[in-house]
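This report concerns only the one structure given below.
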Number of protein chains: 2
Amino acid sequence: MATDERVTQTGAEIDFGTLHELTGYWLRSAQINTYRNVRRFFFDEFEMTPGLFGVLEIVDRNPGLTQTAVANAMGNDRSAMVAIIDRLEKRGLIERRPSPVDRRSKALYMTAQGKKFQAGVRERALQHNREFFAVLSAGEHRQLVDMLKRLATSTSDGQPQTEWC
Amino acid sequence: MATDERVTQTGAEIDFGTLHELTGYWLRSAQINTYRNVRRFFFDEFEMTPGLFGVLEIVDRNPGLTQTAVANAMGNDRSAMVAIIDRLEKRGLIERRPSPVDRRSKALYMTAQGKKFQAGVRERALQHNREFFAVLSAGEHRQLVDMLKRLATSTSDGQPQTEWC
DNA sequence: CCATTACTGTTGATAACGTAAACAATTAAA
DNA sequence: TTTAATTGTTTACGTTATCAACAGTAATGG
């Protein structure tokens with residue numbers, strides 16, 4: 001849906017087959033819609049992405065953390081962290097300092113500007129969270145999060161992982 | 001975690017701050033883990049992706065559909081469909097035929113080989129769905145899907161969309 | 001009938017993200 | 001002290017989403 005804004009007459013009688021029986025499909029659909037929404041709601045305004053937001057939040061709450069530590073906390077590869085920190089550093093939101101105990105690693109800290117910035121984003125995030133998930137009752141909401149937490153560490157071959165989260 | 005396979009000593013006492021209060025975060029985590037898992041479980045084996053699988057399933061159940069129709073059904077931009085159909089056609093699973101009623105559009109059909117292939121993938125998908133979501137009880141599972149369906153069409157500014165699904 | 005508007009598949013661009021392999025510098029362990 | 005492991009980094013490839021534009025075709029209004 002780029003230049004044109006028409007809504008075609010497809011919708012109605014399409015058979016989704018097994019797709020609608022697969023929980024993973026609904027999980028993906030819900031996630032895509034949520035991301036699309038949160039992006040339009042405030043990520044565009046702040047030039048944020050889920051990855052950037054996560055790093056800012058974690059570094060803000062855990063000053064001095066290593067890049068690899070943050071990567072592990074977010075379930076990312078540490079190589080993905082480089083570009084993210086680069087961008088945040090270039091925007092003056094975050095700071096790489098040499099670790100005093102390990103000359104390989106770099107300790108991450110928020111700048112004063114970064115703290116102020118993230119405070120604004122955080123508030124909008126909580127606001128969006130309230131409004132977007134208003135289609136669920138409080139009890140449902142609580143139960144949903146409980147289930148998602150389990151799914152975030154579930155595997156198909158046995159018991160939950162312990163790796164991250 | 002590319003060449004090296006070590007698990008660093010980070011995990012324990014990291015404060016995730018607002019992140020853990022955001023439902024979108026958990027939604028994303030659950031989705032990422034699910035995708036990672038389904039990929040290792042059988043997508044690699046069949047060289048599939050969620051997008052390819054979805055198209056195959058929809059075309060299989062709705063022969064003769066237009067590319068744009070499939071795109072809308074999946075909530076995609078129609079431009080994304082081109083590469084997907086190209087790949088599936090190159091693999092002999094799907095077929096583009098000129099529409100008899102509209103010279104612009106192309107009707108999509110499964111090949112015999114495609115039908116057989118998709119039958120196998122579909123079976124594995126249902127199997128994985130059962131095993132992976134075994135961390136939920138039957139009632140929870142049902143309720144989760146119910147909530148995800150609502151979130152797939154929710155917006156932060158008012159009532160659900162009617163666009164797709 | 002014709003001009004305008006809309007829709008089709010397509011291409012190309014940008015970007016986020018995930019995955020993976022490799023490297024130099026540094027540290028830890030045998 | 002030799003060997004193995006970890007850190008940040010770069011490079012690469014692939015998937016997916018989004019957006020803008022184009023030529024060919026269809027539908028619509030006047």
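Lettering of chains follows the sequences in order, A, B, ..., and the numbering in each one begins at 1.
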Are Asp146(A) and Arg142(A) close enough for a salt bridge, meaning some N to O gap below 4.0 Å? no
Looking only at side-chain N and O atoms, does Arg40(A) come under 4.0 Å of OP1 or OP2 in dA17(D)? no
What nucleotide among dG9(C), dT15(D), dT10(C) has an atom nearest to a side-chain atom of Thr68(B)? dG9(C)
Using a heavy-atom cut-off of under 4.0 Å over every strand shown, decide if Ser99(A) touches base, sugar-phosphate, or nothing. nothing
Length of the line joining Glu47(B):CD and dG14(D):P, which is rounded to integer Å: 12 Å
Could you grab the distance from atom OG of Ser29(B) to atom NE2 of His20(B), nearest 0.5 Å is fine? 7.0 Å
Distance check: side-chain N/O of Arg28(B) vs OP1/OP2 of dG18(C), anything under 4.0 Å? yes
Against the six-membered ring of Tyr109(B), is Arg97(B) placed for a cation-pi contact (under 6.0 Å from the centre, within 45° of the normal)? yes
Asp86(B) has an atom CG; how far is it from atom P of dG12(C), in whole Å? 12 Å
Provide, to the nearest angstrom, the distance between the OH atom belonging to Tyr35(B) and the C1' atom belonging to dT19(C). 10 Å
Rounded to the nearest angstrom, tell me the gap between atom CD1 in Ile32(B) and atom P in dA17(D). 14 Å
Is it the case that the base of dG9(C) and the side chain of Arg104(B) share a donor-acceptor contact (distance under 3.5 Å, atom types as modelled)? no
Atom CG of Leu108(B) to atom C1' of dT8(C): distance rounded to whole Å? 12 Å
With a 4.0 Å limit, can you tell me whether Asn76(B) has a side-chain N or O closer than that to the phosphate oxygens OP1/OP2 of dT16(D)? no
Closest-nucleotide mapping onto DNA chain D: is Ser105(A) or Ile84(B) further toward the 5' terminus? I mean the 5' end. Ser105(A)
5′-ward residue of the pair Thr66(A)/Pro50(B) relative to DNA chain D: Thr66(A)
Asp77(A) side-chain proximity, nearest of dT19(C), dT11(C), dT8(C): dT19(C)
Is a donor-acceptor contact shorter than 3.5 angstrom present between the side chain of Ser79(B) and the base of dC19(D)? yes
Find which nucleotide of DNA chain C each of Ala80(B) and Arg39(B) is nearest to by heavy atoms, and output the residue with the more 5' nucleotide. Ala80(B)
Tell me: CD of Glu89(B) to P of dG9(C), nearest whole Å? 13 Å
If the threshold is 4.0 Å, N to carboxylate O, is there a salt bridge linking Arg40(A) and Glu45(A)? no
OP1 or OP2 of dT10(C) sitting under 4.0 Å from any side-chain N/O of Arg78(B)? no
Rounded distance (Å) that lies between atom P of dG18(C) and atom CG of Asn37(B): 16 Å
Angle class for the Phe46(A)/Phe117(A) ring planes (parallel below 30°, perpendicular above 60°, tilted otherwise)? perpendicular
Can you say whether the rings of Tyr35(A) and Phe43(A) are parallel (under 30°), tilted (30 to 60°) or perpendicular (over 60°)? perpendicular
Which residue lies more 5' along DNA chain C, comparing Asp102(A) with Arg87(A) via nearest heavy atoms: Arg87(A)
Nucleotide dT16(D), atom C1' - distance to CD of Gln31(A) in whole Å: 12 Å
Contact under 4.0 Å: Arg103(A) side-chain N or O vs dT27(C) OP1/OP2: yes
